[in-house]
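Heavy-atom basis, side chains included; hydrogens, waters and symmetry copies ignored. Each chain gets a letter, A, B and so on, in the order the sequences are listed, and its residues count up from 1.
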Number of protein chains: 2
Amino acid sequence: MKQAASTPTTDEALQTLRDAGLRLTQPRRQIVAALVAADGPLSPRELHQQLGSAACDPVTVYRCLTDFERLGLVHRHEFGDGSTRYQLVEADGSHLHYVICRHCQRKDPIHACPADLEATVRARGYAGVSHTLEFFGVCPDCQQGPDPEPQ
Amino acid sequence: MKQAASTPTTDEALQTLRDAGLRLTQPRRQIVAALVAADGPLSPRELHQQLGSAACDPVTVYRCLTDFERLGLVHRHEFGDGSTRYQLVEADGSHLHYVICRHCQRKDPIHACPADLEATVRARGYAGVSHTLEFFGVCPDCQQGPDPEPQ
DNA sequence: ATGACTGCAAACTGTTTGCATTAGG
DNA sequence: CCTAATGCAAACAGTTTGCAGTCAT
């Protein structure tokens, strides 16, 4: 038996690409590795910075992330701050959601997922259902201090 | 007693603005009226087009919608198509969520809301909690015909 | 070999910002 | 009046697109 929700290894993720008929190019390998190593959602820009500009072109990061999402390899987050973030889905297909502090922009993972609501959607006849969910609020710290960290 | 979930009237919405200390300017009145009349989420661009370019500057639409969201007057949607959409919240504070067809981009309202999950967030000490939730899938029509409406 | 993929450059779109002017209370 | 709010112009950021060269298979 394996553990409930573990991040896929780089090899497992690469296998997903191979199975989908995608070529295992150098940029893709590096992007996958960075996603596996990441501890939270990354924007295309952040991802590219971590790889170093020598690794590949920023455009390639966009293209790869789009493909990876289509394969269900990564989950897309819309934090409402102008850029999309991506995070590897767990081995069991689960993913996290976050609360974003309206004041300090801090992202706090929440272990709650409306996976059950997807059943409602499937009942409508939709296939390949996924979802994005983000919470927004003012974190405890920012409620306390009159001005802990505006930005 | 009043009905469960009805769209606020223009006057009710304007009162909200007044209560918040915002001035009832001409552009704001028109934007509120357009939101009340709307039957679904509108992007700033769509909203501005409905008003007619004579009504006000597009920038004003952005500023107003941002303010309105802060007041909890409108709900923000992130359909992942590059632009944010706004919709008036119901009189009882409820709102709708949507399924977006990955193929034809159709938006289908879903009467399911993870309002209960917000309790989890509040339990963490967050205040003024709100959320965005969108579902994505392939609608029945697009599953049928091999190519009903690619775009 | 050959088609998928990348890199580069440039276009685009949605959104934000600064500042002078206008108008709401 | 006096300040919030608007309009205008311009900057910005993230993302997309076209095309020629390159690399995985």
Group every Ile, Leu, Val, Met, Phe, Trp and Tyr by side-chain heavy-atom contacts under 4.5 Å, then state whether Phe79(A) and Leu47(A) land in the same group.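 The answer is no; the residues belong to distinct hydrophobic clusters.
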
Only pairs under 3.5 Å count here: list side-chain donor-acceptor contacts from residues 27-39 of chain A, not counting sequence neighbours, and write none if there are none.
from, atom 1, to, atom 2, distance (Å)
Arg28(A), NH1, Arg23(A), O, 2.9
Arg29(A), NE, Leu24(A), O, 3.2

Earlier contact from the 5' end, DNA chain D, for Val59(A) and Arg45(A):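 It is Arg45(A) whose nearest nucleotide is closer to the 5' end.
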
Beyond-backbone contact of [X] with [Y], side-chain heavy atoms, under 4.5 angstrom:
| X | Y | answer |
| --- | --- | --- |
| Tyr86(B) | Ser43(B) | no |
| Leu71(A) | Leu22(A) | yes |
| Pro44(A) | Leu65(A) | yes |
| Tyr98(B) | His77(B) | yes |

Which part of the nucleic acid, if any, lies within contact of Thr84(B), taking any heavy atom under 4.0 Å across all strands shown: a base, the sugar-phosphate backbone alone, or nothing?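 Sugar-phosphate: the residue Thr84(B), judged by heavy atoms under 4.0 Å, touches backbone atoms but no base.
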
Quick one: label Pro44(B) by what it contacts on the DNA or RNA (base, sugar-phosphate, nothing), any heavy atom closer than 4.0 Å.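 Sugar-phosphate contact only - Pro44(B) comes under 4.0 Å of backbone atoms but never of a base.
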
Output the rounded distance in Å from [atom1] ([X]) to [atom2] ([N]).
| X | N | atom1 | atom2 | value |
| --- | --- | --- | --- | --- |
| Arg63(A) | dC19(D) | CZ | C1' | 10 Å |
| Leu65(A) | dT16(D) | CG | P | 10 Å |
| His48(B) | dT6(D) | NE2 | C1' | 12 Å |
| Tyr62(A) | dG18(D) | OH | P | 18 Å |

Between the axis at one end of the helix from dA1(C)-dT25(D) to dG25(C)-dC1(D) and the axis at the other (five pairs apiece), what's the angle to 10 degrees?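 End axes: 50° apart.
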
Applying side chain to side chain contact (heavy atoms under 4.5 Å, CB included), can you list everything that pairs with Glu12(A), at least two apart in sequence or on another chain?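 Glu12(A) satisfies side chain to side chain contact (heavy atoms under 4.5 Å, CB included) with Pro8(A), Thr9(A) only.
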
So does Val89(B) get a backbone contact from the side chain of His75(B), meaning a donor-acceptor N/O pair under 3.5 Å?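 Side chain of His75(B) to backbone of Val89(B), a donor-acceptor pair under 3.5 Å: no, none is there.
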
Thr120(A): side-chain hydrogen bond (donor to acceptor under 3.5 Å, both in side chains) partners, not counting sequence neighbours: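 Result, side-chain hydrogen bond (donor to acceptor under 3.5 Å, both in side chains) vs Thr120(A): none returned.
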
Shoot me the first and last contacting nucleotide of DNA chain C against chain A, ordered 5' to 3', at under 4.0 angstrom to non-hydrogen atoms.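 Terminal contacting nucleotides, 5' to 3': dG3(C) to dA9(C).
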
Check: His131(A)/Glu118(A) side-chain N/O donor and acceptor closer than 3.5 Å: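 The criterion, which ignores hydrogens and geometry beyond distance, is satisfied for Glu118(A) and His131(A).
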
Decide yes or no on salt bridge (Lys or Arg N to Asp or Glu O under 4.0 Å) for Glu46(A) and Arg85(A), but give the supporting numbers first. CA-CA 9 Å; Glu46(A) 290 168 337; Arg85(A) 319 258 170 144; 3.4 Å; yes

Near DNA chain C, which residues from residues 21-39 of chain A have a heavy atom under 4.0 Å away?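 Per residue number, the list reads Leu22(A), Arg23(A), Thr25(A), Pro27(A), Arg28(A).
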
